Amino acid sequence: MMEILKNTKIDFIGKRNYAFILSGALFLLGMLAIIQIALGGANLGVDFSGGTAVQIKFAQHVSLSEIRKALDEGGLKDINLEDQPAENKILIGVKKEEARLGGFTERIIEVISNRFSDKTPVVDSITEIGPKVSAKLRKDALWAILMATAGLLIYVG
């Protein structure tokens, strides 16, 4: 038999207290995350919080700061931007409540088209997710996490 590491003498039992502390800290962080998601305090994406996501492709690269400035000047606040520089695409996400649902997509496209007409913006995709759908997704994700955790505990047990 081939040995990759020779003469390994690791005192696993002696290091068990460090492993217990690390495992406990990770467990507490996980439980805190689950509680934050359940209470609605977590910073979730548009899929889980409801809102609009508009993906726009440009002929040339446009920086996020230029787009953020244009949207601010257009009266659109609390915008999440994601850059995909390899494809000259920008993902614009707006979280919103049910009372404000609708109208944001047209406003975003109008502001971007007017401000960056020289870079030929093209709308790749538009996704609008209402609060009822996002609440169901959030609930289903929470159940999936709990079931996976239970499955792991049963397997280890």
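Just so it is clear, the model here is predicted, and its values are computed rather than measured.
In terms of heavy atoms, Ile90 sits closest to Val62 at CD1-O, 4.0 Å. Counting all heavy atoms, side chain and backbone alike, Lys89 lies closest to Asp83 at O-OD1, 3.5 Å. The two residues Leu91 and Ala53 make their nearest non-hydrogen contact at CD1-CB, 4.2 Å. For the pair Phe116 and Pro121, the tightest heavy-atom approach, listed with the atom from each and the gap, is O-CD, 3.1 Å. Counting all heavy atoms, side chain and backbone alike, Glu82 lies closest to Leu64 at C-CD2, 4.2 Å. Residues Ala70 and Val111 approach most closely at O-CG1, 3.4 Å, considering heavy atoms.
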CA sep, side-chain torsions, deciding dist, call: Val94, Ile108, side-chain contact (heavy atoms from CB on, under 4.5 Å):
CA-CA 10 Å; Val94 182; Ile108 289 170; 3.7 Å; yes
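Surrounding CD of Gln84 are more than 12 heavy atoms belonging to other residues, nucleotides or ligands, all under 6.0 Å away.
Among residue pairs with one or both ends in residues 12-21, none qualify as side chain to side chain donor-acceptor pair (under 3.5 Å); sequence neighbours excluded.
Leu22 belongs to a hydrophobic cluster with Leu26, counting contacts under 4.5 Å between side-chain heavy atoms of Ile, Leu, Val, Met, Phe, Trp and Tyr, direct or through other members. Grouped with Val156 in one hydrophobic cluster are Tyr155, the linkage being side-chain heavy-atom contacts under 4.5 Å among Ile, Leu, Val, Met, Phe, Trp and Tyr residues.
A salt bridge is absent between Glu66 and Lys69; no separation between the charged side-chain nitrogens and carboxylate oxygens falls under 4.0 Å. Between Lys136 and Asp140 there is a salt bridge, since at least one side-chain N of the basic residue sits less than 4.0 Å from a carboxylate O of the acidic one.
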